[in-house]
Amino acid sequence: REVLHFCTENSFSGLEFMAGIPGTVGGAVFGNAGAFEQNIGEYLQRASILDSNSKTVGVDNSHFKFSYRHSGLKEHHDILLKASFIVKKSKKEDIANKIQGILEIRRDNHPPWDTACAGSYFKNPILPDGTKIPAAKLLDKVGAKGQKVGGASVYEFHANFIINTENATARDVRDLASELKRRVQEEFGIRLEEEVIYLPEFGTTL
């Protein structure tokens, strides 16, 4: 929110697609966060990192090996200290209106801000020919909406959100996710991959 507020106040356009995505700049770069067919990695120009030898190093975009929901930080665990992004000058009113429009789309389709969830749970699968399929569409077709395990439930208005409705445990969420993956695999032959990161109790995708 702070970055977009700064951009709006200074008439810098380009990062509006990040509106409504919670987290930090470091987290966004780590996971190459994005929405609406745009990713933060497309806009990162240069950065300073603390490498495994505890040295501060300046790097450019190529260092991060960005791809869909992936950066090189997931491989070598450098610490992002600073980042510079490419933006362009635009009218403050146009930037604010675009951000507002994106937030309204999110309000209409995503769980309310005070609902406990980890955001989009699964990545959108990419077929061998490069076609990207919305995970929510596949989940919709296998009847995911409203499915529950313990206190964990699939959000009734968007099938790619697992929400905590009744003091869900981590196991409830993990078991529900496994069931959803099984259904999609059986119906479409597509293996869904989590966008969320599991902490060490279940292993790690870091």
Side-chain angles (χ1 to χ4, degrees), residues 1-51 56-76 78-115 117-127 129-137 155 157-161 193 195-197:
R1 184 176 358 180
E2 289 82 2
V3 172
L4 288 181
H5 176 74
F6 174 83
C7 287
T8 302
E9 290 302 306
N10 290 276
S11 302
F12 295 146
S13 177
L15 301 179
E16 293 91 338
F17 68 94
M18 296 292 290
I21 299 178
T24 63
V25 171
V29 173
F30 179 88
N32 194 17
F36 306 105
E37 300 302 321
Q38 293 177 279
N39 302 301
I40 195 72
E42 300 170 40
Y43 295 86
L44 188 143
Q45 184 177 39
R46 293 195 57 79
S48 293
I49 60 170
L50 186 67
D51 68 14
T56 300
V57 182
V59 297
D60 61 16
N61 184 288
S62 63
H63 173 82
F64 295 93
K65 302 177 183 177
F66 287 116
S67 59
Y68 177 58
R69 299 296 178 266
H70 179 83
S71 79
L73 294 178
K74 290 188 175 184
E75 301 169 8
H76 41 67
D78 295 333
I79 298 173
L80 184 72
L81 302 175
K82 296 180 181 179
S84 300
F85 299 96
I86 299 171
V87 293
K88 59 184 180 182
K89 294 292 287 186
S90 186
K91 293 181 180 179
K92 183 184 297 187
E93 181 181 356
D94 291 343
I95 297 170
N97 287 339
K98 189 171 183 179
I99 290 173
Q100 185 59 35
I102 290 173
L103 292 176
E104 288 175 1
I105 291 172
R106 291 188 176 280
R107 276 194 289 268
D108 289 342
N109 297 283
H110 294 181
W113 300 119
D114 59 353
T115 300
C117 75
S120 295
Y121 202 90
F122 297 106
K123 298 177 183 179
N124 294 327
I126 300 176
L127 301 181
D129 64 1
T131 302
K132 187 184 294 183
I133 304 175
K137 184 176 181 179
Y155 185 53
F157 298 115
H158 194 303
N160 199 20
F161 284 87
E193 180 181 350
E195 185 170 335
V196 302
I197 293 173

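Note that these values count all heavy atoms, side chains included, but never hydrogens, waters or copies made by symmetry. The residues of the chain are indexed from 1 along the displayed sequence.
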Point to revise | Residues in side chain to side chain contact (heavy atoms under 4.5 Å, CB included) contact with Asn124, at least two apart in sequence or another chain | key: Tyr68, Lys132, Pro134, Ala135
Revision key, fill the gap. For residues 9-22, the side chain to side chain donor-acceptor pair (under 3.5 Å) pairs (sequence neighbours left out) are Ser13-Glu16
Point to revise | Results of side chain to side chain contact (heavy atoms under 4.5 Å, CB included) for Ile21 - residues two or more places apart only | key: Met18, Ala35, Arg106
Check your understanding: Can you name the residues that form a ring-ring contact (aromatic ring centres under 6.0 Å, His included) with Tyr43, not counting sequence neighbours?
Key -> Phe17
**Study point:** Side chains of Val57 and His63 in contact at under 4.5 Å (non-hydrogen atoms)
**Key:** no
**Study point:** Contacts of type ring-ring contact (aromatic ring centres under 6.0 Å, His included), residue Phe64, not counting sequence neighbours
**Key:** Phe66
Exercise for review: Check whether any side-chain heavy atom of Tyr155 sits under 4.5 Å from a side-chain heavy atom of Thr115, and report yes or no.
Suggested key: no
Revision key, fill the gap. Taken in chain and number order and not counting sequence neighbours, the residues that satisfy salt bridge (Lys or Arg N to Asp or Glu O under 4.0 Å) with Glu193 are Lys123
Study note, to complete from the structure: Sorted by chain and number, sequence neighbours left out, side chain to side chain donor-acceptor pair (under 3.5 Å) with Asn39 holds for Arg69
Review point. Taking only residues two or more places apart in sequence, or in another chain, which ones meet Ala19 in a side chain to side chain contact (heavy atoms under 4.5 Å, CB included)?
Key: Leu4, Ile99, Ile102, Leu103
Exercise for review: Scan for side chain to side chain donor-acceptor pair (under 3.5 Å) pairs involving residues 79-94, sequence neighbours excluded, and state none if there are none.
Suggested key: none
Practice item. Check the angle between the aromatic planes of Phe6 and Phe12 and answer parallel, tilted or perpendicular using the 30° and 60° thresholds. Key: tilted
Review point. Is the side chain of Asn160 donor-acceptor paired with the backbone N or O of Phe122 at a distance under 3.5 Å, no angle test?
Key: yes
Check your understanding: Does Phe85 have any ring-ring contact (aromatic ring centres under 6.0 Å, His included) partners at least two apart in sequence or in another chain, and if so, which?
Key -> none
Review point. Do any N or O atoms from the side chain of Ser48 and from the backbone of Leu81 form a donor-acceptor pair under 3.5 angstrom?
Key: no
Study note, to complete from the structure: Taken in chain and number order and not counting sequence neighbours, the residues that satisfy side chain to side chain contact (heavy atoms under 4.5 Å, CB included) with Gln45 are Ile86
Exercise for review: Could you list the residues that satisfy side chain to side chain donor-acceptor pair (under 3.5 Å) with Asp60, not counting sequence neighbours?
Suggested key: Ser62
